[in-house]
Amino acid sequence: MSTVTFGITPGQGEKLHAALGYSGAVRVGDRVETSGQAGVDDDLVVPDSLEDEIVQAFDNVERTLATVGATWKDVIHVNSYHKVAPGDDAIGDDHNRVMAEQFRRRLGGRAPIWTETGVTVLGLADMRVEIRVTAVVGSGN
C-alpha cells in the first residue's frame, strides 16, 4: 500500500489550512497533486500587477511541491484558471505570455500537458489566476 503524505505550504498555506481546513498538496507514492495555488503573499495579498500575481502563483506552486518532496521539474500536468470578464471569448495574451515565460524558466525544457480555463470568479475577489499541478517525483531527472 502506498503512503499518503499531506503538505501544508508555510505562510499563506498555513493560514488557509487553519481557516478552511485543506492541505496544499498530497503525495501518494511518487504521485503528487496540489490544490490550486493563488498568486498571493503570505498575508493573502494579491499583487497589483497581473505579471507579479502569476509569478507569485508559480512561486507558491514551487513552495507547495517542496512540502512533499517534489519540484517543478517533476510536473506532468498543469491546470490554470484565469479570471475573464463575462462575455470574453478568450484568455488574453497578457496571461499567456507570462505563463509561457514561467514554464520555460522553471521546467528546464520539459513541456507538461496544460489545461487553461477561463472563469469569472476565484477564491478571493482580487485574484486573476490560480494554478494546480500534478507531478511524479523523480520523473524530471
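Because only heavy atoms are used, hydrogens play no part in the values below, and waters and symmetry mates are left out as well, while side chains stay in. Throughout, residue positions are numbered sequentially from 1 according to the sequence presented.
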Exercise. Are V78 and I131 close enough, and set up right, to give a side chain to side chain contact (heavy atoms under 4.5 Å, CB included), and what steps lead you there?
Worked result: CA-CA 7 Å; V78 176; I131 301 170; 3.9 Å; yes
Self-check item: Partner residues of F58 under the ring-ring contact (aromatic ring centres under 6.0 Å, His included) criterion, sequence neighbours left out
Solution: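 If we apply the ring-ring contact (aromatic ring centres under 6.0 Å, His included) test to F58, skipping adjacent residues, the hits are W72, F103.
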For [X], give me all partners under side chain to side chain contact (heavy atoms under 4.5 Å, CB included), at least two apart in sequence or on another chain.
X: V121; value: none
X: L20; value: L16, Y22
X: T134; value: R31, E33, I76, H77, R132
X: R104; value: A100

Quick one, [X] and [Y] - any side-chain contact, counting heavy atoms below 4.5 Å?
X: M99; Y: I54; result: yes
X: Q37; Y: T9; result: yes
X: L107; Y: P112; result: yes

Please give me the minimum heavy-atom distance between [X] and [Y], naming the atom from each residue.
X: V84; Y: A90; answer: CG1-O, 4.1 Å
X: L65; Y: A135; answer: CD2-CB, 4.2 Å
X: L124; Y: L44; answer: CD1-O, 3.8 Å
X: T67; Y: G7; answer: OG1-CA, 3.3 Å
X: V68; Y: V32; answer: CG2-CG1, 3.7 Å

Report yes or no: do [X] and [Y] belong to one cluster of Ile/Leu/Val/Met/Phe/Trp/Tyr joined by side chain heavy-atom distances under 4.5 Å?
X: V119; Y: V61; answer: no
X: V137; Y: V28; answer: no
X: V40; Y: V55; answer: no
X: M127; Y: V129; answer: no
X: V133; Y: I8; answer: no

Criterion side chain to side chain contact (heavy atoms under 4.5 Å, CB included) on V4 and V26, from CA distance to verdict: CA-CA 7 Å; V4 175; V26 62; 3.7 Å; yes
Apply side chain to side chain donor-acceptor pair (under 3.5 Å) to [X] and list each qualifying residue two or more places apart in sequence or on a separate chain.
X: D43; result: K15
X: S139; result: R110
X: S23; result: none

Sorted by chain and number, sequence neighbours left out, salt bridge (charged side-chain N to carboxylate O under 4.0 Å, His left out) with D41 holds for none
E101 meets the salt bridge (charged side-chain N to carboxylate O under 4.0 Å, His left out) criterion, sequence neighbours left out, with R97
Can any side-chain N or O of [X] pair as donor or acceptor with the backbone N or O of [Y] at less than 3.5 Å?
X: Q12; Y: P10; answer: no
X: N79; Y: W114; answer: no
X: R27; Y: G29; answer: yes

- May I ask you to check whether Q56 and D52 show a side-chain donor-acceptor distance below 3.5 Å?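 No, D52 and Q56 have no side-chain donor paired with an acceptor closer than 3.5 Å.
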Item to check | Polar contact flag, side-chain donor to acceptor under 3.5 angstrom, T64-T34 | outcome: no
So side-chain hydrogen bond (donor to acceptor under 3.5 Å, both in side chains) across residues 117-130, not counting sequence neighbours, yields E53-R128
Rounding to 0.5 Å, atoms CD1 (I91) and CG (D93) come to a distance of 11.0 Å
Salt bridge (Lys or Arg N to Asp or Glu O under 4.0 Å) pairs touching residues 64-90, sequence neighbours excluded, are none
